[in-house]
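Bear in mind the structure is a predicted one, so any value in this text is a computation, not a measurement. A note on names: the letters A, B, ... follow the listed sequences, proteins ahead of strands, and every chain is numbered from 1.
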Protein chains: 2
Amino acid sequence: MDKPEIQDDSSEQRIFDAAHEVFVQKGLHGAKMQEIADRAGINKALLHYYYRSKEKLYETVVRAVINRVLPVLRDLLESDKPLLEKIDYFIHFYLQTVSKNPFVPLFLINEMNKNPDHFFETIFPKELPKPDRFFQQVQSAVEAGEIKPITPQHLIVNVISMCIFPILARPMLGVILGMQAHDMRAFLNQREVEIRSFVHAALRPAP
Amino acid sequence: MDKPEIQDDSSEQRIFDAAHEVFVQKGLHGAKMQEIADRAGINKALLHYYYRSKEKLYETVVRAVINRVLPVLRDLLESDKPLLEKIDYFIHFYLQTVSKNPFVPLFLINEMNKNPDHFFETIFPKELPKPDRFFQQVQSAVEAGEIKPITPQHLIVNVISMCIFPILARPMLGVILGMQAHDMRAFLNQREVEIRSFVHAALRPAP
DNA sequence: ATATGGTTTAACCGTTTGGTTAATTTTAGA
DNA sequence: TCTAAAATTAACCAAACGGTTAAACCATAT
C-alpha cells in the first residue's frame, strides 16, 4: 500500500522533504504550495505531477511521520525487557528523538485534534501497538510487591506526558520559569535523569 | 491598555465570541473571516469595523485567553498555601478548566511555537507570575526532610505536564490505550486522583 | 420632522492560492 | 539517430480570501 521509501535526491524526494519541513512547521493551512516548491527548488506544477493535490501531499507526510514514531511505542509496549529498564529506555529514546524534531509531536497532536475522523479512518495504520503485554507486566510487578500499586494506563500516560509536554511547551516554560534559551536547553537536557528518578521514586513500594 | 470586558450580546461581543471559537479550534490560518462572520450572524464588513484586520482580531483573542489562564498559575506560584495543598489545588483546577476548554492549551502552545518573537514581544503581558516563592517553598520542604530532594523547576514541569498533556493528546491516547470515547472520559476523570497520588508518592522522603 | 453620528450591509476590489494546460526539455530504448 | 515516454516549466485560470467603499439603516437629541 505505502510507496517504498525514497532516499535519493530525485525531484519526488526533494518535494517530499520540503513538504515535510513546511507542513510540520506550519500545519496544513499555514503551508503554501509555492513555498514547498521553492524550498524543493522546482516548479510548482511538479508538486501536482507527483502528488495530485495539497491534501494528498499532506497525507503522505502525515503517514511518514506516524510510521517513524510508532515503532518506538510498539517496542515499549510489546518487548520483553524488564519493566523499569523498558521505561528508562523509552524515556531516553523519546527525549532524544523529540528534541531533535521538536515540531513533530505538536504536528501530530494538531492533526489528530483538528480532523480526528479523517485521521483515524483514513490515515492511521490498522495494526496498532498492543498494550496488553505492558499492562500485564505492571500488574505482575505490583503483585510481586516490586512497585507501588498503580494503574498501568496512568503510568504510561504519566511517563509520556513528562517526556513530550515540556518540549511542546518549551517557549511557555521558558517564560514561566524565567529562563533564557541557553538555560532552557540545559534544563531540558537534565530531564532524562529527572524523569527517571521521579518515576522510580513514585514507584517505590510503600515500606 | 486592554479594553474592558464586554459581557452583553452586542455585535462586538458576538464577533469576539465567534472569533474565539473559530481561532481556538482552527488556528490563525485555518480560520476564515467569513466563517467568523457567519457564526456571529453578521456581515463580514462588520468584523473590520470593530477589529481592523484579521491579525488584530486574532491578537485580541490570544490576549483574552492568556489573561484567563495566567491567574491560576500566579496563584500556584505566589500564594501562601502549604506546598502539597497548593499542588493538589493546582491539579484540580487545571484539570477542570482544561477539560472544559480542551483546545485552549493547544492553541496557546501552537501560537507560541509558530511565532515566538511576535508573541513574547507584543502579546505577552509584562508582569509574569514570579516562581521564586514556590521554589523557596520546595527547597524548605526538602531541607526539612518533608519531601524527597527535587529541583523545583522539574517538579512544577512534571505536574503541569501530567495535567495538560493527556488532554492535548486525548485522541492519540484513546487509540494507543484502545479506549472508546466513553472509557476515555472516565479515564481522564480518574486522573486527578491518579496524578495527586503519583506526585505524592514521588515526593515521599526516602526512609 | 430632521439632522446627526454610530451601526450594518451589499457589492466590489486586488491578491493569493490551489490547480490546470500546453508546450518544452530530458531520458532512454530500439 | 530517431522516437516515444517521462519530467519539467511558463503561463494561465477560477475560486477563495482579506479588505474597502459607499450607501442604507437606526437611534436619539434638537
A/Gln13 versus A/Asp17, side-chain donor and acceptor atoms under 3.5 Å: yes

Value in whole Å for how far the C1' atom of D/dG18 lies from OH of B/Tyr50: 20 Å

Protein-nucleotide distance (A/Glu35, atom CD; C/dG18, atom P), rounded to Å: 10 Å

Given C/dT8, D/dG18, D/dT20, the nucleotide with the shortest approach to the side chain of B/Lys54: D/dG18

B/Ser53 side chain, from C-beta outward: closest of D/dG19, C/dT9, D/dG18: D/dG19

Axis-to-axis angle between the two ends of the helix from C/dA1-D/dT30 to C/dA30-D/dT1 (five base pairs per end, rounded to 10 degrees): 10°

Nearest-Å distance for atom pair CG/C1', residues B/Leu46 and C/dT8: 6 Å

Listed nucleotide nearest any side-chain atom of B/Lys32, set D/dT20, D/dT9, D/dG18: D/dG18

Whole-Å gap separating C1' (D/dT8) and CZ (A/Arg14): 13 Å

Distance, rounded to the nearest Å, where A/Lys26 contributes NZ and C/dT17 contributes P: 10 Å

Interatomic distance where CD belongs to B/Gln34 and C1' belongs to D/dG19 [whole Å]: 12 Å

Mutual orientation of the aromatic rings belonging to B/Phe165 and A/Phe165 [parallel < 30°, tilted 30-60°, perpendicular > 60°]: perpendicular

Touch class at under 4.0 angstrom, heavy-atom based, for A/Ala37 against every strand present: nothing

Atom-to-atom span, CG of A/Asn43 to C1' of C/dT24 - whole angstrom: 12 Å

Proximity to the side chain of A/Ile42 - top-ranked nucleotide from C/dA10, D/dT9, C/dG18: D/dT9

Beyond-backbone contact of A/Ile195 with A/Leu95, side-chain heavy atoms, under 4.5 angstrom: yes

Note: A/Arg133-A/Asp80 ion pair, threshold 4.0 Å (strictly below): yes

Value in whole Å for how far the P atom of C/dT17 lies from CG of A/Leu57: 16 Å

Any B/Ser11 side-chain N or O less than 4.0 Å from OP1/OP2 of C/dT7: no

Distance under 6.0 Å and angle within 45° of ring axis: B/Lys86 vs B/Phe134: no

Nearest listed nucleotide, side chain of B/Glu55, among D/dA7, D/dG19, C/dT7: D/dG19

5' priority, DNA chain D, between A/Tyr49 and A/Lys44 [closest heavy atom]: A/Tyr49

Polar contact flag, side-chain donor to acceptor under 3.5 angstrom, B/Tyr58-B/Glu111: yes

Sugar-phosphate, base or nothing in reach of B/Leu47, heavy atoms under 4.0 Å: nothing

Distance-minimising heavy-atom pair for B/Arg196 and B/Asp88: CG-OD1, 3.0 Å

